[in-house]
Amino acid sequence: MSSEPSAPFRYTAALAADIESRWQDRWEAEGTFEAPNPTGDLAPSDGRALPDDKYFIMDMFPYPSGSGLHVGHPLGYIATDVVGRHQRMRGKNVLHALGYDAYGLPAEIHAISTGEHPRDNTLANIANMRRQLRRLGLAHDPRRSFATIDPDFVRWTQWIFLQIFNSWYDPEAGRARPISELVEKLGTSDPAVIDTYRLAYVSESPVNWCPGLGTVLANEEVTADNRSERGNFPVFKRNLRQWQMRITAYADRLVDDLDRVDWPEPVKIMQRNWIGRSHGAEVEFASPAGPIRVFTTRPDTLFGATFMVLSPEHPLVDALTTPEQADAVAAYRREAAAKTDVERQENKEKTGVRTGSTATNPVNGEQVPVLVADYVLMGYGTGAIMAVPDGDARDAEFAEAQGLPTVQVLDGGTLVNSSNDEVSLDGLSVEDAKATIIAWLEKQGAGSGTTTYRLRDWLFSRQRYWGEPFPIVFDESGNAIGLPDSMLPVELPEVPDYSPRTFEPDDAQSDPEPPLGRVEDWVNVTLDLGDGPRQYRRETNTMPNWAGSSWYELRYTDPHNADVVTDPANEAYWLGPRTPGSTGGVDLYVGGVEHAVLHLLYARFWHKVLFDLGHVSSEEPFQRLFNQGYIQAYAFTDARGVYVPAEDVVEEADGTFTYEGRPVRREYGKMGKSLKNSVTPDDMYEAYGADTLRVYEMSMGPLDVSRPWETRAVVGSQRFLQRVWRLAVDEDSGETVVSDEPPTEESLRVLHRTIEGVAADMEGLRFNTAVAKLIELTNHLTKVDDRSRAVLEPLALMLAPLAPHLAEELWTRLGHTGTLTFEPFPVADPQYLVADTVTCVVQVQGKVRAKLEVSPTATDDELTAAALAEENVQKSIDGREVRKVIVRAPKLVNIVV
RNA sequence: GCGCACGUGGCGGAAUGGUAGACGCGCUGGCUUCAGGUGCCAGUGUCCGCAAGGGCGUGGAGGUUCGAAUCCUCUCGUGCGCACCA
């Protein structure tokens, strides 16, 4: 890079930095992006009415990492900023702010190794991130920023927990209700009864214990091969007393309401799969040990059930095992118990043993053998299946391995060999057969239609220090008691040691020990909860990282309210449904697809509970979701497989890559310190300026697609902004050179075509093509040397969402005194959208043979005549008979011979 | 194994079923410059041809259509999700 620009007032990185910091200071001083609320401390002080049209836009908020940002991080923030700025120019009251998801493992690990309090480290990281992001010029309302660790925020996280704790799900009403109404309904306040209904409850049940992390984890945080998503440590099933959230009560609504939100289909599919609702039937098979209940999604194939299989853990196994089989079954169960879930899954070969008993198939009275096999899981359905080798590949495989019979019941899509004296399914379709047999089973009392879910309740407690404490104490009988609002927030005590007790990652028999449990004088408290001072024990687990992100959208709408989580008027204005049947929710939520199941499912669940309890008017937190892609980068390894700094790798003429003269291998992946391929926003600010970085990131490709970062291409965006600058400013004198002469007709046509296209692209989040159109306009104006105010003003306004600092500077130079933030976005004048002539393509047999310049109003006949008059067209027709002429006036004529 | 998404120049990517490759990077040439850099102008899918023009071309093979990158079927490849879920 040359140090001396040839022109003193060229738009260089240094000039950009000057413009950018001046405007950032001014926006901050003037409170330009502060969005007024209907009521409360953020309401207009002069009582002014708000615009009815609002736009609430949100980014998935960041964890403030200690290593700072790389250029991949701001992609989504820039995109939402462009949308927000554009919506302001469309007259909307735009709510856009950024908070910090500040509880998290890295700060705790840092604390353990350095002794620095995780809060201090986290707050320092937030400050650094705010600095990096401020330099991008994001139009956020700074008054609405918060961190999930702020005591004021924690207070409301705990308050929401108590709302959930103090509720139960009424299946008849199909919604949550206050626990007091259950007490009334059941006529008892006995915790032994009531506590089993709560939406947040303690239970002793099999949970995911991760010794390597020293904590238990939710199902959503465990990978398919039973390892922790964070850290990749082994996870074991252990029976432990832990807090759970009754998210399963909401399974149906969580599935059904996916149809009412504007989300990417893959995310909806992932949530549907995770919830895993399947309709089927429970059927009872009579046996010597009593009825065996099975769940099946294919009750239509019941006539083909030739045996039954129980999971090794099934409670009826002992009773069904005959003395002759006792040893074999006991041995098999021992073997199965010794295996981890992973080992069970690794061995895809079907194994199992006979119990020696038979059960009765209710449709035909057949005695079918009952077996035990570990391919049937205790955790799903009833832990027992009817096996239909003709209908199920797994059953067929097992039948073959065990030498069990198969009866054909399916022929293509219809049922065969499926009748008894009372009912026949023969000839019916699968759907009809299901309905028929369920009706018959219900009449017989042998079964009923039913629905099962894969979703399990949400394990909500963690044995870590750096999380929200539960607002719960236990009395001397061990009953959990929710603390009153007046005692919130419950703050974390200072501790001498932040670590949970961690163990050898494979030590499955170890027990979790929360760090808070060691702070005896915090744990044991004397409180007056209404019946005089008494001794209580505090809950020593903390909440998972997901707690704060499960409701933060609400707090943006009323961030300082000390009385309620958000004032109903503010919630209704920003989040409430605007059309009948709408769920309401954030107008646009942008973030990565990695939160498809975890965060987005939890947030929907909490929001629905708050809706049921009347605290919010919206049924869903996020009306529209958009998954942005990722910026990835190339990384290079040398002969030893060690990463070398990517910025010093040279591409040779033959397309290979070298580092310090030695060949290196290229790979493609995430950007990060460990791969030595990070490029930071600070690097780009210094070399090009923030506006150039913004424009480049927006022009790289569609927002939802991942693509590789290429630093050397950034200069293209800088050249574009330099050309815009040069249109209005003399590079040698620094004088504004805008002209008040009217622009040429041609320039106006290009301008209005650009306005039309850019406006549509902005609405559709197609910023890459919007930038392309602005470049075309700029190149045109440069080429014809048109500097008229009438084109430069709309150019500045259209550029404003993308490159706001440069646009503001030009706007000022064009003679305006205020910010352009609230100037109307330009509107295309239809008068200039119709061209004098259009290019008409003439095809023969669908191949282009000529182009005509024609009037846009030319008729079909005129176009046909003109096309046939073309020499090259006649040559292509080559004397053949013209059978048909297809005209799409005025753009196309296709001659068919 | 099942499901979803995606395959277009050297690279990132444009194309309501209607001129394939907008825009940008890179590359080539010209002007500017002592020179480099910056800036500006022109060119840049491929093959045949001096040119006019023509052939081929959106992973592959079929199909629908006057016309297909786009719609349908099969197939190959890449990515993501789920995975013995009855």
Side-chain angles (χ1 to χ4, degrees), chain A residues 1-7 10 12 223-225 264-270 272-274 276 278 280 294-298 301 309 311 344-345 347-350 373-377 379-388 391-395 397-398 452-454 593-594 596-597 651 655 695-696 699-702 704-717 719-720 722-723 726 731 757 766 768-776 779 782-783 839-851 871-872 875-876 883-888 891-897:
Chain A
M1 213 142 307
S2 95
S3 50
E4 288 289 310
S6 49
R10 175 158 296 166
T12 59
T223 61
D225 54 349
E265 202 53 37
V267 176
K268 291 188 181 184
I269 290 169
M270 279 187 248
R272 285 193 197 104
N273 287 344
W274 186 258
S278 44
V294 302
F295 173 72
T296 176
T297 56
R298 294 297 302 275
T301 62
V309 187
S311 144
R344 278 201 197 186
Q345 283 173 25
N347 183 11
K348 296 277 181 185
E349 255 165 58
K350 300 273 179 295
D374 66 4
Y375 81 93
V376 174
L377 311 174
Y380 186 80
T382 61
I385 61 160
M386 64 174 210
V388 184
D392 186 287
R394 295 157 303 183
D395 295 345
E397 206 184 304
F398 189 59
T452 62
Y453 305 86
R454 205 182 76 111
V593 73
E594 71 271 17
V597 171
E651 180 170 8
V695 170
Y696 176 64
S699 66
M700 291 170 80
D704 55 353
V705 174
S706 295
R707 61 267 50 180
W709 177 262
E710 195 179 7
T711 296
R712 73 174 180 187
V714 178
V715 70
S717 298
R719 286 179 191 153
F720 160 52
Q722 283 178 338
R723 282 197 293 275
R726 201 152 39 225
E731 288 189 327
R766 295 184 299 270
N768 53 330
T769 51
V771 171
K773 287 172 178 114
L774 290 171
I775 292 174
E776 282 182 287
N779 290 352
T782 299
K783 188 169 185 154
T839 305
C840 177
V841 174
V842 183
Q843 298 177 335
V844 178
Q845 304 289 73
K847 288 189 192 295
V848 179
R849 295 301 179 197
K851 291 172 189 177
E871 188 188 346
N872 206 39
K875 207 171 103 193
S876 299
R883 285 170 44 206
K884 199 162 153 192
V885 179
I886 289 141
V887 183
R888 293 283 177 273
K891 303 270 289 185
L892 180 108
V893 177
N894 189 14
I895 295 162
V896 186
V897 296

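So you know, we letter chains A, B, ... as the sequences are listed, proteins then strands, and number each from 1.
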Look at [X] and [N] and indicate whether a side-chain polar atom (N or O) is within less than 4.0 Å of OP1 or OP2.
X	N	answer
R712(A)	C11(B)	no
S278(A)	A86(B)	yes
R849(A)	G54(B)	yes
K884(A)	C66(B)	yes
N768(A)	C23(B)	no

Original post:
If you pin V896(A) and M700(A) to their nearest nucleotides in RNA chain B, which one's is more 5'?
Top reply: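 Closer to the 5' end of RNA chain B: M700(A).
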Original post:
What heavy-atom pair brings V705(A) and R707(A) nearest, and what distance separates the two atoms?
Top reply: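 Answer, listing the atom of V705(A) first, then R707(A): O-NE, 2.8 Å.
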Subject >> Greater than 12 external heavy atoms within 6.0 Å of K891(A)'s NZ >> reply: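 Incorrect, the count does not exceed 12.
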**OP:** Nearest whole angstrom, please: distance from the C1' of C82(B) to the OH of Y453(A).
**Re:**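 Whole-Å distance recorded here is 20 Å.
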Subject >> Whole angstrom value for the distance that separates P of A52(B) from CD of E871(A) >> reply: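 After rounding, the gap between these two atoms is 14 Å.
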Answer yes or no: side-chain N or O of [X] and base N or O of [N] forming a donor-acceptor pair under 3.5 Å.
X	N	answer
Q843(A)	G18(B)	yes
R707(A)	G12(B)	no
K350(A)	C84(B)	yes

**OP:** Please determine if R272(A) and E265(A) form a salt bridge, counting it only when a charged side-chain N lies under 4.0 Å from a carboxylate O.
**Re:**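 The answer is yes: the pair qualifies as a salt bridge.
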Original post:
To the side chain of I775(A), which of C23(B), G54(B), A42(B) is closest?
Top reply: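 Closest nucleotide to the I775(A) side chain: C23(B).
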Original post:
If you check the Y380(A) side chain, which of G3(B), A86(B), G53(B) turns out closest?
Top reply: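 Selected nucleotide (nearest to the side chain): A86(B).
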**OP:** Check whether NZ of the Lys or CZ of the Arg K350(A) lies under 6.0 Å from the centre of the six-membered ring of Y375(A) and within 45 degrees of that ring's axis.
**Re:**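 Flagged: K350(A) positioned over aromatic ring of Y375(A).
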Subject >> Helical stems, RNA chain B - three or more consecutive Watson-Crick or G-U wobble pairs below 3.5 Å >> reply: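 Expected stems, ordered by start: B:1-7 with B:76-82, B:10-12 with B:23-25, B:26-31 with B:39-44, B:45-48 with B:53-56, B:59-63 with B:71-75.
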